[in-house]
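Below you'll find the structure, written out as structure tokens, and then a few comments.
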Amino acid sequence: MFKCADNRSSGNSHVVFRAGDAYISPQWFPSKHEFHKQVPSWNYQVVHAYGRVTIRDDERYVRGLVARLTRIHEAFQADPWKMTDGPRDYINAMLKAIVGIEIEITRLTGKSKLSQNKENRDVEGAGNGLKERGAHLIGDAMLAVVAGRNKKK
């Protein structure tokens, strides 16, 4: 990934963000039952981010970052947790254990493999098959492929 001479140095980084992935059974393709010409596959969505990384372990930066993240993720709670809810010495010790990483993104590359090379009925069949198994992220993305195709017609 990256190398830093000390905790303030910057270097190149490559970070992979996976949105989801799922096994695709040929049984979900209606055309398989007619022509018997389908094989198992694996669908996924991913983004590769490239850029310069800076390690940010100064107390002020980390405290501000944790406070912002906490406010965002606690917002749905009836009684949101705040950093001031914990004893000061405990919170300070926890913050010292956190290292912030800041990436200045210079390039993004994304890919979605969602059976786009298949007929609509096959993409729809596999998307629905995934959703029945609880794999909603990839299943919904596949159904969106079909909806996008239908919208263009």
Co-membership, hydrophobic cluster, residues W28 and V123, 4.5 Å side-chain: yes

ILVMFWY network linking L65 to V53, side-chain heavy atoms under 4.5 angstrom: no

Donor on one side chain, acceptor on other, S115 and N43, under 3.5 Å: yes

Spacing of CD belonging to Q45 relative to CZ belonging to R18, to within rounding of 0.5 Å: 12.0 Å

Donor-acceptor contact present, side-chain K131 to main-chain D140, <3.5 Å: no

Derivation and outcome, side-chain contact (heavy atoms from CB on, under 4.5 Å), residues L130 and L137: CA-CA 9 Å; L130 286 172; L137 186 68; over 6 Å; no

Worked verdict on T54 versus E104 for side chain to side chain donor-acceptor pair (under 3.5 Å): CA-CA 8 Å; T54 303; E104 177 188 346; over 6 Å; no

Pairwise distance CD(Q77) to NZ(K82) - rounded to 0.5 angstrom: 11.5 Å

Heavy atoms from other residues, nucleotides or ligands near CZ of R133 exceed 12 (cutoff 6.0 Å): no

Donor-acceptor contact below 3.5 Å, side chain R52 vs main chain T106: no

Side-chain donor or acceptor of S13 paired with backbone N/O of G51 under 3.5 Å: yes

Common cluster, F29/V145, ILVMFWY with side-chain heavy-atom separation under 4.5 Å: yes

Main-chain N/O of Q27 paired to S25 side chain as donor or acceptor, under 3.5 Å: yes

CA sep, side-chain torsions, deciding dist, call: K37, S31, side-chain contact (heavy atoms from CB on, under 4.5 Å): CA-CA 8 Å; K37 292 184 178 181; S31 68; over 6 Å; no

Heavy-atom closest contact (G100 atom, Y61 atom, distance): CA-CE2, 4.3 Å

Hphob cluster co-occupancy, L114 + V47, side-chain heavy atoms under 4.5 angstrom: no

Same apolar cluster: V66 and Y90, side chain cutoff 4.5 Å: yes

M83 CE to L95 CG distance, which is reported to the nearest 0.5 Å: 4.5 Å

CD1 on I101 to CG on D57, rounded to 0.5 Å: 10.5 Å

Intermediate values then yes/no, side-chain contact (heavy atoms from CB on, under 4.5 Å), K113 and W42: CA-CA 8 Å; K113 182 190 174 296; W42 200 270; 5.7 Å; no

Spacing of NZ belonging to K96 relative to CD1 belonging to I91, to within rounding of 0.5 Å: 13.0 Å

